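Each remark here refers to the structure printed beneath this line.
Computed from a predicted structure; not experimentally measured.
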Amino acid sequence: MSKKTINLTIAGTDISFDPTPELYGEYMGQVAQGNMLDSAHNFVMQSASEDGKPALRDLFDENTGAPMQVAAVLMQEYAPKVAISVKK
């Protein structure tokens, strides 16, 4: 995986994200330990552009499930599913 910018419109605000392999690895490690909400919040906020962070903070204060929703979309874009089949 490489670093790539992902642009999302969240609650009417355009926000850019720059996830990295390191942030992805930290996120997956925390998820594996069962720390879902905090890991999603950290992944989103650490990936977000500085000018988008205030809008995210406001949204997250209003909606406790929002970090999980944003993280899910970021993961779909950053690490899309790979088609795998078993040959017999």
Side-chain angles (χ1 to χ4, degrees):
M1 271 175 275
S2 61
K3 182 178 176 182
K4 67 179 182 179
T5 299
I6 298 168
N7 299 304
L8 302 177
T9 301
I10 303 169
T13 301
D14 293 336
I15 302 174
S16 296
F17 296 87
D18 292 307
T20 64
E22 293 79 19
L23 291 174
Y24 172 80
E26 288 176 25
Y27 175 62
M28 295 308 291
Q30 289 179 4
V31 167
Q33 294 175 7
N35 188 4
M36 301 292 287
L37 187 57
D38 286 342
S39 62
H41 180 273
N42 292 340
F43 179 65
V44 170
M45 292 305 288
Q46 290 172 347
S47 298
S49 62
E50 287 301 318
D51 60 337
K53 288 181 181 183
L56 288 171
R57 284 188 194 98
D58 291 343
L59 175 64
F60 295 172
D61 286 345
E62 295 171 14
N63 182 341
T64 57
M68 296 284 294
Q69 295 174 45
V70 176
V73 173
L74 282 174
M75 291 301 294
Q76 287 174 343
E77 290 298 314
Y78 185 69
K81 290 183 180 180
V82 176
I84 301 171
S85 60
V86 177
K87 290 185 93 171
K88 294 185 180 190

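Applying the side chain to side chain contact (heavy atoms under 4.5 Å, CB included) test between Gln46 and each of Asp18, Thr20, Leu23 identifies Leu23 as the sole match. Screening Ile15, Leu74, Ile10 for a side chain to side chain contact (heavy atoms under 4.5 Å, CB included) with Val44, the sole residue that qualifies is Leu74.
Here salt bridge (Lys or Arg N to Asp or Glu O under 4.0 Å) pairs that include residues 40-52, with residues two or more places apart or in two chains, are Glu50-Lys53.
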Indicate every side-chain donor-acceptor pair of residues 27-41 with a distance under 3.5 Å to a residue at least two apart or in another chain.
unit_1, atom_1, unit_2, atom_2, d
Ser39, OG, Asn35, O, 2.5
Ser39, OG, Met36, O, 2.9

Acceptor/donor pairs from residues 55-73 side chains to any protein atom, 3.5 angstrom cut, sequence neighbours excluded:
unit_1, atom_1, unit_2, atom_2, d
Asn63, OD1, Gly65, N, 2.9
Asn63, OD1, Ala66, N, 3.3

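Residues satisfying the side-chain contact (heavy atoms from CB on, under 4.5 Å) test with Glu77, not counting sequence neighbours, are Ile6. Residues satisfying the side-chain contact (heavy atoms from CB on, under 4.5 Å) test with Asn7, not counting sequence neighbours, are Thr5, Ser16. Applying the side-chain contact (heavy atoms from CB on, under 4.5 Å) criterion to Asp14, with sequence neighbours excluded, gives Thr9.
Lys4 is listed as a side-chain neighbour of Tyr78, based on a closest heavy-atom distance under 4.5 Å.
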